[in-house]
Structures are given as C-alpha cells and as structure tokens.
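Each remark here refers to the structure printed beneath this line.
Counting starts at 1 for both ligands and their atoms, following the listed order.
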Amino acid sequence: MTKEQAKKRIDELRKILNDANYRYYVLAQPTISDYEYDRLLEELQKLEKEFPEFDDPNSPTKRVGGEPVKGFKTVKHKYPMLSLEKSYNVDDIKDWIKRIKRLVNEDFSFCVELKYDGVSLSNRYVNGKLVQSLTRGDGIEGDDVTQNARTIRTLPLVLKGNDYPPEVFVRGEAMIAREKFKKINEQQAKEGKTTYMNARNLAAGTLKLLDSKTVAQRGLDFIAYFMLGENLPVDNQYDALKKLEEWGFFVPHDYKKAKDVDEIMDFILDWGVKRFDFPYDTDGIVVKVNEFAIQEKLGYTAKAPRWAMAYKFPAERKLTRLISVDFQVGRTGKVTPVANLEPVELAGTIVKRATLHNEDNIKKLDLHEGDYVYVEKAGEIIPQVVAVEKSKRKPGAKPIEFVKKCPVCDTPLVKIGADYFCVQSSNCLPQIKAKIEHFVSRKAMDIEGLGPETIDLLLEKGLIHDVADLYDLKKEDLIPLERLGEKSAENIIKSIEKSKNQPFEKVLYALGIRHVGETTAKKLARHFKSLDRLMQASKEELEKVGDIGEKIAESIQDFFKDPENMSIINRLKDKGLKFELTEEELPKSNKLQGKKFVISGTFEHFSRDELKKSIEENGGQNVSSVSKNTDYLLAGEKPGPSKIEKAKNLGIPIISEAEYLEMIG
Ligand code: IVH
C-alpha cells in the first residue's frame, strides 16, 4: 500500500468509526455490529502502526486508552470556571428574577435544564478538533486530563458539521451512569476493596487515574451544557444546546424554554420526581437567562454569573427506628456494621437496611440502641444513616458498641486503618465461602457450574474446606448433591481440571490477596514472573511496580506470612496450577530490561510486530510516542519525521536496526 493510499484509508476509517461511535453511544442507535466495529478498528490500528507519520491524537484508536498517563499539568483557564448561585425555594428564585429585572429593562426569557452532579470539564476545540480537557480545579487553573478525557465515548474528538468557530470551549459534566456505578461498586466489594461513596467521587477519581485503559473501561460519559468563545453560531442558550447536539455532543433532551417563574416552577416540580428515573445523578435544576445579549449585560460577580441560578433539590430524608445492628464479615475478613431499620419508603424504594460504614461513623452519629435515625440515599442509591434524632431517645438506652470479636467465629478483631478485620480466615465460614466464590469466578480460575448454592452444599457436607480441596473432588462426590445431575457433575470436574491451565496472573488474582485486583495481579505477575520471586520481594521492590503503594505492598507481605495461606499455595502447586509465567510469556533475555522503545519506519529483518515482540522478549517495553521517558527511538527505513524531530529535541538516542541487533546479540 502506498503512503497516499494508506492516508486515504486511514481518513476513511476514522470517519466511519467516529460516526459509528456517535451513533452507538450518543444516539444509542447502532448502525454497524460490534464485530464490524472491532474489525474496522483493528484495520485502523494496523495502518496507524504501519504509518506512524499519520498518528493523530483524535483518532478513534485513542478511545481505548493504553499509553501511560504521566501526571497532570496545571493549566490556566482562558475563561474562568465559575460556580453557580444556589437557591432552595420559589422565593429565592422570585427574588433573583426581581433583582436581574432591575438591572436590564428589556424583555427576556429563561432556559431551564437539569443540574448534573458530576465533575465539570472544559474542552477546547480548535478547528473542530479536541485539543485540551481541563478540570475545574480552583476555577482559575485546572488539571489537564486530556488523555483520559479522550477515552470518554460521548465526548466528540472531532466536531460534526462545519459551523463551529475556530476556537470554542465546550463545558459540561463527566459522569458515571447510576447503573454502571452500582456494578463497579459491586465488583469493588467482591474484591474486598473500598467502595465509592457516589458516582461523582468515582468519576473524579477515574479522571485522575494514571492508567487510561482503566479510565476507558470505567465508561464515563460527558454531558454538555455550555459553549464559550467568540463568533458563536447561536445567540441564546436554548439554541446553543441544540447546536451542541448537532456537533455530536450528548445533550439529554430534558431542557426547556420558560417565560416566567410559574413555568420555571413547573419544570422544577416535574423533575423533583422524574429525576429518580434519569440514568445519571442530578442534584437540582439550573435556570439560565436565555438570551446571550442579556447575559452579557448582567455579567458576573467574582464567583458566579448573575444570569444563572441553581435550584437544589432537597435530599429526601426519612425518620425511622433502628431495630438492631448486624456486623457482616466479608471475603477479606473486613467487618462492616449494617443497621436494620423499621422499613421506610425513601426515594422510590423500601429501605430496611443501611450501611453504618465503620466504628468512627457510629461514634460520630452517637448511635444508641432503639434510636430514631434519619436515612438518606447517597448518590440516590445507597441508603445511609445520616443523623440521630436525640430528642426521641429512650432514657437509659445503651450506645452501640462495635463488636470486639468476629460475630461468626469469635476471633478477636484486628483494627487496620478505620476498619476491623477477622484475621482467622481459614475457620470463619463467610470468609471461606466468599474466598471460594472469588477463586472460581470468571476473571479468576473461571470454573463453571460452581454457584454459591453448590459451594454452600460442598462446605456443609464437608467435601471441601478451602480452595485447594476443589482439586480433590470427584464426580461421585458431586452427583449425590441436591439438584446436581451426572452431566453437570461431569462438567464441573472438567472445568476444575481445565482451570489448571489458567495463567499465573489469574492464579495470583484468584488467591484473593487484599487490594490485589485483576490489574495489580497482572502487573505483579509480569514484573516478578513467579510466585517465588514475588514472595521474596521486599517492600521497596514491590513499590517499584507501577501503581503499587505501601498499603498494597504490606497486604501482599502479610498474605504470604500467613502459614494457612502458604499451606494452600503449596497444595495448589502440587495440583499443577501455574505459579510462574510460561515459557512463551517469559522474556528471552534481560538485555533490554526496563528500557522503553519507540519504533518508527520499516525494517529489514523484522516486521513491526516481530520487532515489538523481540523487544518484549528481551525485557524491553514498547511505547507508541516519543517523550522524555523514552530510552531509544529505533528508526528503520522512512521513519516518521515528527518522531525523529521530537527525539532530537529531547536528546533521545536514535538507533538503527543494526545497532538494535547488536544490543540483543
Ligand atoms: S452552567 C458559569 N449548567 O454545577 C457557570 N452548570 O454548582 C455555568 N452544573 O460549576 C455553569 N449542571 O459544574 C451549568 N446544566 C448545567 C449544569 C451545571 C451542572 C455544574 C457546573 C457548575 C456547578 C455549580
């Protein structure tokens, strides 16, 4: 393929993929199948690799993330990101309207919209292309999160149409849909990790991750509500929202024009109820003066525009009685207090239980037996006890004390950080059960047919006591179990046998070390290459692996100090599970250990893929763009001129294929 042909096809593919992405994510009306999408994306990825000179930060291939994020620069906002004045009732809104009517003596109208409870982002587009995404920061300066923002499928990388000004800033909120938030939290809990308070915190944390691939997987959305710049093609907010939609932004259709306070209040009352069916968290309504000319006349105070007002929804709060407190034991032994409440209807569901988080929270609430408590929903999903009605407390009621021993196995609890743990993991039934469920799960050993009920039965009948026992099970053990036929029993045994082929990283994840999720397990496996080496690693060595901090390092070391864990590991080793990288996964030499390579151009002895493989096999790492952290630019025939120039500017050695062969020879 000639360069010209490649460029043509690359442009064509980018257009098709951007459009397919828009139809799928923004319009929710897919026009091509997932298979077709993946196929075209693969073709584009291949072409971009082959012709790196056509690299483009706004290519749809950047949506999947992957290149490490190297911190976040602080950048000054061209237009400061202000906040909004808040109101809580009709009178506040009436007062505001009176105030602004005194300032302008022309007629004007309003645009009313939802107030999205997310993380505000300001996106700069130059000639229709996304060049920078900044967080609000302190309003004057924000953090440059462009690389992560590019993975947001509902944030256009290239604007549609052709009536955008040369420079335009599009503001809105980065959000995580409620359903997605729920799923992510369930997964966190399953892995024994801290759960997030609400979708906004999760969205904020996600945008600051250094691993753009994880950002891409979290599935953030961007909801647009504001455009700023010179020579805008519209003169009012309502049309601006329509225009944003035309440019390819995701703008929920729930905005309206309103002519007076009555119409504003209609909208507010309507949404006070409807918002619970809206897929994203909202915390109020924003009323804006519609006409830009009037907005300009009203101007800004130091903190907020005079032409806009937020109306905050009251958080629904109910009073109910505390019946008792349960202390639940999770997979990692963490004990969580949960309040049992007299059932009460709250924001559309009946609430009977609410988390109390930890001991400090119980103390802060000053919770006593039989107390009347206020419950609210955090981020509109998880019910929480937020306060105690002390005037209703019965005289002599005793304070709620956090248990000192495990409620299941009676072992004294150990406090780590703000939480208590039952460390007797091998004799504490809920922990054993949860550990086995984790071990067999799809992302771990992927053993099919062993659902929670079957695991319960196996434990009850004494057929297993820990995960290693699974590998001693026989078909005959399983058949007599309730509801299990011969065929299912056979399948389970086959699946257990097959799990012995799971790679080391999955086995490591399956062990259920606290704070070691899928990604961390993968990183550890690749870095240390075998369990033996991982076990011998010092804390400092562990912390050298990207994203591993003190907490994870300690948790890993504690895990291997436990003789029970070691005995299980040894038995699993005897059964033939993989505790090291296989021959194919293993680097052939360490000659390039830790060195980062960018390759560019075509080569005599290798295809580009072969060359990348060779770099990895010798312990090196491939990165796709030249930065100050690159060690070598390996240049073949016709390398990308921009890469060469960048390497020269940064003083990065440019080596030839022959020099490379010498390095590994
Ligand atoms: S307009 C000059 N519209 O709420 C400020 N803001 O509490 C213009 N927000 O900083 C902002 N939904 O991050 C606007 N429909 C909406 C909004 C909205 C949420 C955020 C925004 C703002 C914050 C103030």
Side-chain angles (χ1 to χ4, degrees), residues 77-88 92-93 96 100 110-123 133-143 145 149 152 154-155 168-177 198-201 203-204 207 220-229 232 234 236-245 249-258 264 267-268 270-271 274-275 278-292 294-313 315 379-380:
H77 291 291
K78 178 158 177 186
Y79 303 95
M81 283 181 89
L82 301 174
S83 54
L84 292 170
E85 205 183 322
K86 292 188 191 75
S87 63
Y88 299 89
D92 289 348
I93 300 211
W96 169 64
I100 55 175
F110 301 94
C111 181
V112 276
E113 10 180 310
L114 292 173
K115 185 170 184 312
Y116 310 104
D117 193 9
V119 182
S120 32
L121 275 189
S122 180
N123 306 291
S133 299
L134 301 180
T135 62
R136 180 170 187 274
D138 61 3
I140 306 296
E141 292 179 332
D143 286 329
V145 292
I152 304 178
T154 37
L155 178 70
V168 63
F169 292 83
V170 177
R171 291 189 180 168
E173 303 281 298
M175 322 266 303
I176 289 190
N198 52 46
R200 179 174 20 84
N201 286 0
L207 279 171
L220 291 169
D221 278 311
F222 178 77
I223 302 187
Y225 52 64
F226 195 34
M227 63 164 87
L228 260 166
L232 298 177
V234 289
N236 67 81
Q237 170 66 10
Y238 188 84
D239 290 344
L241 292 174
K242 289 247 167 318
K243 187 55 75 188
L244 286 171
E245 204 181 333
F249 287 94
F250 171 40
V251 184
H253 289 176
D254 308 292
Y255 55 90
K256 260 196 170 142
K257 278 186 195 164
I264 294 172
F267 188 83
I268 290 178
D270 195 22
W271 275 97
K274 273 206 309 213
R275 72 187 183 111
F278 190 70
Y280 301 86
D281 287 344
T282 51
D283 59 347
I285 298 291
V286 185
V287 189
K288 297 174 185 170
V289 167
N290 194 37
E291 297 77 13
F292 288 169
I294 310 282
Q295 287 188 3
E296 218 168 291
K297 282 190 183 154
L298 289 167
Y300 296 81
T301 68
K303 284 201 207 115
R306 287 198 188 85
W307 46 262
M309 176 60 88
Y311 169 89
K312 295 275 278 187
F313 291 129
E380 272 94 53

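Here Phe250 and Phe222 keep their ring centres 6.0 angstrom or further from each other.
Closest protein heavy atom to atom 12 (N) of ligand 1: Tyr116 N, 3.1 Å. Annotation: atom 21 (C) of ligand 1 to nearest protein heavy atom, Tyr225 OH, 3.0 Å.
Judged by the shortest distance from any of its heavy atoms, Lys288 lies inside the 4.0 Å radius around the atoms of ligand 1. Assignment of Ala308 to the shell around ligand 1 is not supported, since no heavy atom sits closer than 4.0 Å.
Within the 3.5 Å criterion, the main-chain N or O of Asp117 finds no donor-acceptor partner in the side chain of Glu173. Asn123 contributes no side-chain N or O that, together with a main-chain N or O of Ser133, makes up a donor-acceptor pair within less than 3.5 Å. Side-chain N or O atoms of Thr135 include one that pairs as donor or acceptor with a backbone N or O of Asp143 at under 3.5 Å.
Atom numbering of ligand 1 starts at 1 in the shown order; those under 4.0 Å from a heavy atom of Ser120 are 13 (O). Near Pro305, the atoms of ligand 1 lying under 4.0 angstrom from a non-hydrogen atom of the residue are 2 (C). Which parts of ligand 1 touch Glu113 is read off a 4.0 Å heavy-atom cut-off, strictly below it: atoms 3 (N), 15 (N), 16 (C).
Note that the OH atom of Tyr79 and the OH atom of Tyr300 stand 9.5 Å from one another [nearest 0.5 Å].
Ring planes of Tyr225 and Tyr116: parallel class, angle under 30° (limits at 30 and 60°). Relative orientation of the Phe278 and Trp271 rings is perpendicular, given thresholds of 30° and 60° on the angle between their planes. Ring geometry for Trp307 versus Phe226: interplanar angle of 30 to 60°, hence tilted.
Here Lys115 has heavy atoms under 4.0 Å from ligand 1 in both its backbone and its side chain. Only the side chain of Glu173 comes within contact range of ligand 1, with a heavy atom under 4.0 Å; no backbone atom does.
The heavy atom nearest to atom 10 (O) of ligand 1, out of those in Leu84, Leu82, Asp117, is found in Leu82.
Considering both main-chain and side-chain atoms, Leu114 comes within under 3.5 Å of ligand 1 through a nitrogen or oxygen pair.
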